[in-house]
Amino acid sequence: MPGNKHSLEEKLLVVQRYLSGESASSLESIYGIDHHDVIMYVNRYVRYGKDGLKPRVSRVTPLEVKMQAVREYLGHCVSLPELADKYDVDRKTIRIWAQTFEKQGSEALRDKRNDPRPSLPMYTGNDKTASETIKELRERVKDLEAENALLKKVKALVEKREAQLRETGSKPSKN
């Protein structure tokens, strides 16, 4: 995690050098801190001061926030560094949320620590991703709808034939 690799003093020094005009890329090569993390440190410093650079305690992110971040990430609406800054979480966390969502669905993103609801059995996605399963289910629904439409047409033809036979006085066959 970016927050734990570097000391508070090192982060402060990097932020100060960035704010004094050095580029994030040059600071990356000097300190070995990814340039996106340099920007993140600067943004946190600007928002929260020195406390924004301290190691953060794990916190619960509401499911709705996770889902919004995942939608924006998967929809390529916003860059990953911008999302990380917007939701104040690590880039890797957003990637993990997206992978979890794609494999197991939104329910897997729910925080289970303080959730009073009982756990439901989850599709684990051993062989397929959730999107592959959804695609297969949509194809199956399409097939069933076509079959249903065909059966309705056959029923209508049978009823029409029976009506014609009644008009002529013949009895419909039992077959």
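In this text the structure is predicted, and so the values were computed from the model without any measurement.
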- Query: When you check the gap from the basic side-chain N to the acidic O, do Lys54 and Asp51 get nearer than 4.0 Å?
  - Reply: yes
- Measure the CG-NZ distance between Asn148 and Lys153 for me, rounded to the nearest 0.5 Å. 11.5 Å
- Task: For the pair Glu107 and Arg110, find out whether any cationic side-chain nitrogen is under 4.0 Å from an anionic carboxylate oxygen.
- Result: yes
- Arg47 atom CZ, over 12 foreign heavy atoms within 6.0 Å: yes
- With the side chain counted from C-beta on, respond yes when Asp34 and Arg91 share a heavy-atom pair under 4.5 Å apart, and no when they do not. yes
- Query: Counting N and O atoms only, with roles assigned by atom type, does the side chain of Ser20 sit under 3.5 Å from a partner on the main chain of Gln16, one being a donor and the other an acceptor?
  - Reply: yes
- Query: Quick one: CD on Glu139 to CG on Leu137, what's the gap to the nearest 0.5 Å?
  - Reply: 9.5 Å
- Task: To the nearest 0.5 Å, tell me how far Tyr41 OH sits from Leu8 CG.
- Result: 10.5 Å
- Given Val70, which of Leu109, Leu83, Ile94 fulfils the side-chain contact (heavy atoms from CB on, under 4.5 Å) condition? Leu109
- Message: Would the distance check show the side chain of Glu82 and the main-chain N or O of Ser79 forming a donor-acceptor pair, the cut-off being under 3.5 Å?
- Response: yes
- Taking Thr100 for the side chain and Ile96 for the main chain, is one N or O donor matched with an acceptor at less than 3.5 Å? yes
- Message: Is there a side-chain contact between His6 and Tyr31 in this structure, where contact means two heavy atoms from C-beta onward sitting under 4.5 Å apart?
- Response: no
- Out of curiosity, Glu28 CD to His36 NE2, how far, rounded to the nearest 0.5 Å? 8.0 Å
- Task: Show the numbers, then the answer: is there a side chain to side chain donor-acceptor pair (under 3.5 Å) between Glu72 and Gln68?
- Result: CA-CA 6 Å; Glu72 290 179 33; Gln68 183 60 35; 2.8 Å; yes
- For residues Asp85 and Ile39, determine if any side-chain heavy atom of one lies less than 4.5 Å from a side-chain heavy atom of the other. no
- Message: Val42 vs Leu19, test: side-chain contact (heavy atoms from CB on, under 4.5 Å). Steps then yes/no.
- Response: CA-CA 8 Å; Val42 170; Leu19 292 174; 3.9 Å; yes
- Query: Once you round to the nearest 0.5 Å, how far does CD1 of Ile30 lie from CG of Leu13?
  - Reply: 9.0 Å
- Approximate separation, where rounding is to 0.5 Å, of Asp88 CG and Tyr48 OH: 4.0 Å
